[in-house]
There are 2 protein chains.
Amino acid sequence: MDQEAHHAGEQGSLLLQDQLCFALYAASRSVTTRYRPLLQELGLTYPQYLVMLVLWEEGSVSVRELGTALQLESSTLSPLLKRLEAGGLIHRERRADDERSVAVRLTRAGADLREKARTVPLAIGEAMGLTPEQDAIAKHLLRLLTENVTRG
Amino acid sequence: MDQEAHHAGEQGSLLLQDQLCFALYAASRSVTTRYRPLLQELGLTYPQYLVMLVLWEEGSVSVRELGTALQLESSTLSPLLKRLEAGGLIHRERRADDERSVAVRLTRAGADLREKARTVPLAIGEAMGLTPEQDAIAKHLLRLLTENVTRG
DNA sequence: TGCGATTAAGTCGTGCACAACTAAATCGGA
DNA sequence: TCCGATTTAGTTGTGCACGACTTAATCGCA
């Protein structure tokens, strides 16, 4: 299919272009780069946008729940949330019933931002240029891969 | 197929779990996390490993060529290469015929590391747990997506 | 009921990743 | 041949991402 026929040794190949991991890494960065100008208009970075997606969906969640949903450590989320709070989009407070937990909730400005974000997923979907079938297959395989890699 | 049937609005959905971009982002991080302990034995990070793959394949390349192959900016590569050089795996020198370019080449230690790295791709491939067919489909879709997103 | 184990959030240090910029070398047309 | 435009690396500043660690609160069982 491609230029050469080294299919035989592809499994253990050290060639960059044979590596699924590199295709994955390059694709992920290309997508966040594509998001950047769109999200800049909302004053968000890509990981901040993901946090906002969870909050728009769930309303109020703990840092721990955010970490579970996004598969991110608290050491990544804490500074990120601090920046969102400084930007006036979220509010944080210790939970009364369990003071180890911190509840994260949207401010009015954070909730309002949802409307401006509505067009983003379609714009990105269009830029990715996959058919609905390809999109579904890709999601399926990526989730399967993540599941396997994380468990192993 | 999954729990709920919001397939109708999936294209423009703001739900985290509908987003291909999130599946991609999570998968990419899960893979590099899986690589970490393996590469730690070689004294490499994941992006450093990718640079070494190119050098093992090509022998000697300019910073620019590395950037093209890995789709990374010189502002990412320069500090990374400085660390690889400090670790004794590569050497850098200005090209005589074009002093704007810097040639990156392996040291003996860097070339020798290739043998220790041989088992890595298979171990990762196994952890990803995709069939050869699934692996090929995933690579195809990710390259297509990257192509589309980068061009657009 | 008290105290060791667990859990939650956060800090710190290292290393990407990229935009914006700088400096130096090379190119190419008037 | 000369000088403005382009090319190439590299620096700086910001923001992830994660491991290792700290602190404080809660849990659970002897």
Side-chain angles (χ1 to χ4, degrees), chain A residues 21-22 25-40 43-52 61-87 89-90 92-104 150, chain B residues 21-22 25-37 39-40 43-52 61-68 70-87 89-90 92-104 150:
Chain A
C21 70
F22 174 66
Y25 169 73
S28 181
R29 283 185 299 109
S30 75
V31 169
T32 61
T33 295
R34 194 59 148 77
Y35 265 106
R36 206 181 318 278
L38 299 182
L39 295 180
Q40 208 151 30
L44 296 173
T45 65
Y46 180 67
Q48 288 169 9
Y49 167 71
L50 295 179
V51 167
M52 295 302 284
V61 293
S62 67
V63 174
R64 169 172 167 59
E65 288 162 337
L66 270 177
T68 300
L70 300 174
Q71 296 167 225
L72 289 171
E73 304 296 320
S74 71
S75 53
T76 298
L77 287 172
S78 286
L80 187 158
L81 294 172
K82 196 181 291 184
R83 282 185 285 270
L84 283 179
E85 190 168 39
L89 298 177
I90 65 164
R92 287 188 294 172
E93 57 189 346
R94 292 270 162 196
R95 284 204 164 140
D97 58 332
D98 185 346
E99 297 224 335
R100 291 173 303 179
S101 280
V102 165
V104 181
T150 306
Chain B
C21 70
F22 175 66
Y25 170 73
S28 181
R29 282 186 298 109
S30 76
V31 169
T32 61
T33 295
R34 193 58 147 76
Y35 265 107
R36 207 181 316 279
L39 295 180
Q40 207 151 29
L44 295 173
T45 65
Y46 179 68
Q48 289 169 10
Y49 167 71
L50 295 179
V51 167
M52 295 302 284
V61 293
S62 67
V63 174
R64 167 171 169 60
E65 287 163 338
L66 271 177
T68 300
L70 300 174
Q71 298 169 225
L72 288 171
E73 303 297 319
S74 71
S75 53
T76 298
L77 287 172
S78 287
L80 188 158
L81 294 172
K82 196 181 290 185
R83 284 185 283 271
L84 283 178
E85 190 168 40
L89 297 177
I90 66 164
R92 286 188 295 173
E93 57 188 348
R94 291 272 161 195
R95 286 203 162 141
D97 57 332
D98 185 344
E99 298 224 334
R100 290 172 303 179
S101 280
V102 165
V104 181
T150 305

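Below, chain A is the first sequence line, B the second, and so on; all start at residue 1.
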Query raised in the report: Would you say Arg64(A) has more than 12 foreign heavy atoms packed within less than 6.0 Å of its CZ?
Result: no

Query raised in the report: Would you say the side chain of Val102(A) lies within less than 4.5 Å of the side chain of Ser62(A), judging by non-hydrogen atoms?
Result: no

Report summary line: Heavy-atom nearest nucleotide on DNA chain C taken for Ala96(B) and for Thr33(A); more 5' hit belongs to Thr33(A)

Report task. Check each of Val51(B), Leu77(B), Leu81(B) against Val104(B) using the side chain to side chain contact (heavy atoms under 4.5 Å, CB included) test, and report the only one that passes. Result -> Leu81(B)

Query raised in the report: Arg94(B) has an atom CZ; how far is it from atom C1' of dA24(C), in whole Å?
Result: 8 Å

**Report entry** Candidates dT6(D), dA9(C), dC18(C) - which lies nearest the side chain of Glu73(B)
**Finding:** dC18(C)

Query raised in the report: Could you state the CG-C1' distance from Leu81(A) to dA8(C), rounded to the nearest angstrom?
Result: 13 Å

Query raised in the report: Contact class for Leu77(A) vs. all strands (heavy atom < 4.0 Å): base, sugar-phosphate, or nothing?
Result: nothing

Query raised in the report: Looking at the side chain of Thr45(A), which of dA19(C), dA17(C), dG15(D) is the nearest nucleotide?
Result: dG15(D)

Query - Residue whose closest nucleotide on DNA chain D lies nearer the 5' end, Tyr46(A) versus Arg100(B) - result: Arg100(B)

Query raised in the report: Tell me: CD of Glu99(B) to C1' of dT6(D), nearest whole Å?
Result: 18 Å

Query raised in the report: Between Gln48(A) and Gly43(A), which heavy-atom pair has the shortest distance, and what is it?
Result: OE1-O, 3.9 Å

Query - Step-by-step side-chain contact (heavy atoms from CB on, under 4.5 Å) determination, Leu44(B) to Met52(B) - result: CA-CA 9 Å; Leu44(B) 295 173; Met52(B) 295 302 284; 4.1 Å; yes

Report task. Using five base pairs at each end, measure the axis-to-axis angle across the helix from dT1(C)-dA30(D) to dA30(C)-dT1(D) and round it to 10 degrees. Result -> 10°

Query raised in the report: When the distance from CD of Gln40(B) to P of dC16(C) is rounded to whole Å, what number comes out?
Result: 13 Å

**Report entry** d(CG, Leu70(A); P, dC16(D)) in whole Å
**Finding:** 12 Å

Query - Ile90(A) CD1 to dA9(C) P, straight-line distance once rounded to whole Å - result: 13 Å

Query raised in the report: Could Asp98(A) and Arg100(A) be called an ion pair, given the rule that one side-chain N must be under 4.0 Å from one carboxylate O?
Result: yes

Query raised in the report: Of the candidate nucleotides dG10(D), dC27(D), dA17(D), which contains the atom at the shortest distance from the side chain of Val102(B)?
Result: dG10(D)

What pairs of nitrogen or oxygen atoms, one from the protein and one from nucleotides 21-23 of chain D, lie under 3.5 Å apart?
none

Query - Contact under 4.0 Å: Ser101(B) side-chain N or O vs dA9(D) OP1/OP2 - result: yes

Query - Spacing of Tyr35(B) atom OH relative to dC16(C) atom C1', expressed in whole Å - result: 17 Å

Query raised in the report: Pick the nucleotide of DNA chain D nearest each of Arg95(A) and Ser74(A); which residue has the one closer to the 5' end?
Result: Ser74(A)

Query - CG-CG distance between Leu66(A) and Leu50(A), expressed to the nearest 0.5 angstrom - result: 10.5 Å

Query raised in the report: Ser30(A) or Pro79(A): which one's nearest nucleotide on DNA chain C is closer to the 5' end?
Result: Pro79(A)

**Report entry** Nucleotide nearest Lys82(B) when distance is taken to its side chain, options dA20(D), dC16(C), dT11(D)
**Finding:** dT11(D)

Query - Any Gln48(A) side-chain nitrogen or oxygen under 4.0 Å from OP1 or OP2 of dC16(D) - result: yes

Report task. Just call it for Ser62(B): base, sugar-phosphate, or nothing, with non-hydrogen atoms closer than 4.0 Å on any strand. Result -> sugar-phosphate

Report task. Report yes if a side-chain nitrogen or oxygen of Arg64(B) is closer than 4.0 Å to either non-bridging phosphate oxygen (OP1 or OP2) of dT8(D); otherwise report no. Result -> yes

Report task. Check the pair Tyr25(A) / Val31(B) against side-chain contact (heavy atoms from CB on, under 4.5 Å), numbers first and verdict last. Result -> CA-CA 9 Å; Tyr25(A) 169 73; Val31(B) 169; over 6 Å; no

**Report entry** Touch class at under 4.0 angstrom, heavy-atom based, for Arg92(A) against every strand present
**Finding:** sugar-phosphate

Query raised in the report: Which part of the nucleic acid, if any, lies within reach of Leu72(B) when heavy atoms closer than 4.0 Å are counted: base, sugar-phosphate only, or nothing?
Result: sugar-phosphate

Query raised in the report: Do NZ/NE/NH1/NH2 and the carboxylate oxygens of Arg94(B) and Glu99(B) come within less than 4.0 Å?
Result: no

**Report entry** No-H, no-angle donor-acceptor pair, Ser75(B) side chain to dA19(C) base, under 3.5 Å
**Finding:** yes

Requested in this report: Sorted by first residue and then second, give each side chain to side chain donor-acceptor pair (under 3.5 Å) pair with at least one member in residues 26-37 of chain B; sequence neighbours left out.
Outcome: Thr33(B)-Arg36(B)

Report task. Let me see the working for Phe22(B) and Leu70(A) under side-chain contact (heavy atoms from CB on, under 4.5 Å), right down to the final yes or no. Result -> CA-CA 8 Å; Phe22(B) 175 66; Leu70(A) 300 174; 4.0 Å; yes

Report summary line: Atom CZ of Arg83(A) and atom P of dG13(D) are separated, to the nearest Å, by 17 Å

Query raised in the report: For the side chain of Thr76(A), counting heavy atoms from C-beta on, which of dC18(C), dA9(D), dC16(D) is nearest?
Result: dC16(D)

